[in-house]
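One structure is given here, and the rest of the page talks about it.
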Amino acid sequence: TLGSAAANITITPDSAYVAANYSYWIIKAAMGTEDGGENVQFRVNNQSASNYQTNMILNTAGTLSATTENAQSSALIVTADVAQDANDTFQFVMTIELSPQNATNTMRFNWSITDAWDQAGAGPSDTEQSCGLFNNNSQTELNKIDFFLSGGSNFTAGSNLRLYGVTKT
């Protein structure tokens, strides 16, 4: 939880989460932005190569649309339609897994996000669902996750993330 406004929210475990020990990870997020109107993006393991892809379905005031981003240096996970107003809040639940990509078992991160809700007004009106991948075959563990805003603004104090790892049995 942020005690004061900050440009990044970073999850860094005490030791790396090795994919061989985990089935997947879950992140619960409740955030706000100081300025509003910016996309929320993330990177895994300090990687900024153009290996992120995102597919997103959007419901903006009852109008459905979709967007795709390929070969990006970070992943789009919430657009400015949901993170729209200064000091409003939004929330989502994200699932991340490191999974085999092909028969030789090279690995890549896959993620999905349940509905991201804009909490402005009497009830949520704008929602988004997204999924994507980080297509860098050399990944075998989760060391760091950085969340940041596309315009460089700050997340509000009190914004928080919770990371849960589901171990293999």
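Counting begins at 1 with the first residue of the sequence.
Listed by chain and residue number, nothing satisfies the side chain to side chain donor-acceptor pair (under 3.5 Å) test with E97 (two or more places apart in sequence, or in another chain). Every side chain to side chain donor-acceptor pair (under 3.5 Å) that N45 has, sequence neighbours left out, goes to Q139. Under the rule for a salt bridge (charged side-chain N to carboxylate O under 4.0 Å, His left out), K28 has no partner lying at least two apart in sequence or in another chain. Applying the ring pair (Phe, Tyr, Trp, His ring centres under 6.0 Å) rule to F147 yields the partners F42; only residues at least two apart in sequence or on another chain are considered. By the side chain to side chain contact (heavy atoms under 4.5 Å, CB included) test, A29 pairs with M31, F92, L161, sequence neighbours left out.
Distance check: F155 CZ to T89 OG1 gives 13.0 Å after rounding to the nearest 0.5 Å. Taken from CG in N135 to CZ in R108, the straight-line distance is 5.0 Å, to the nearest 0.5 Å. The CD1 atom of I113 sits 8.5 Å away from atom CD1 of I27, with the distance rounded to the nearest 0.5 Å. With rounding to the nearest 0.5 angstrom, the CZ atom of F109 is 9.5 Å from the OG atom of S99. A distance of 6.5 Å separates CD in Q41 from CD in E69, rounded to the nearest 0.5 Å.
Here the shortest heavy-atom pairing between L163 and W25 reads CD1-CB, 3.8 Å. Among all heavy-atom pairs drawn from T140 and L98, the shortest one is C-CD2, 3.3 Å. Nearest heavy-atom pair across A157 and S4 is CB-CA, 3.7 Å.
For the pair T79/L58, a side-chain contact is recorded, criterion being any heavy-atom separation below 4.5 Å from C-beta on. The shortest distance between side-chain heavy atoms of N110 and Y24 does not fall below 4.5 Å. Within the 4.5 Å cutoff, the side chain of T95 has no heavy atoms near those of the W111 side chain. I145 is listed as a side-chain neighbour of I96, based on a closest heavy-atom distance under 4.5 Å.
Following chains of ILVMFWY side-chain contacts shorter than 4.5 Å, one cannot reach F148 starting from M94, and the two form parts of different hydrophobic clusters. Both F134 and Y22 are members of a single hydrophobic cluster when ILVMFWY side chains are connected at heavy-atom separations under 4.5 Å.
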Enumerate donor-acceptor pairs with a distance under 3.5 Å from any side-chain N or O in residues 10-19 to protein atoms, sequence neighbours excluded.
from, atom 1, to, atom 2, distance (Å)
T10, OG1, D146, OD1, 2.4

Under 3.5 Å, sequence neighbours excluded: what are the donor-acceptor pairs made by side chains of residues 48-57?
from, atom 1, to, atom 2, distance (Å)
Y52, OH, V44, N, 3.1
Y52, OH, Q47, O, 2.7
T54, OG1, L76, O, 3.2
N55, OD1, T68, OG1, 2.9

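Sorted by first and then second residue, the pairs that involve residues 148-168 and meet side-chain hydrogen bond (donor to acceptor under 3.5 Å, both in side chains), not counting sequence neighbours, are T1-R162, E34-N154, D35-S153, E38-S153, T156-S159.
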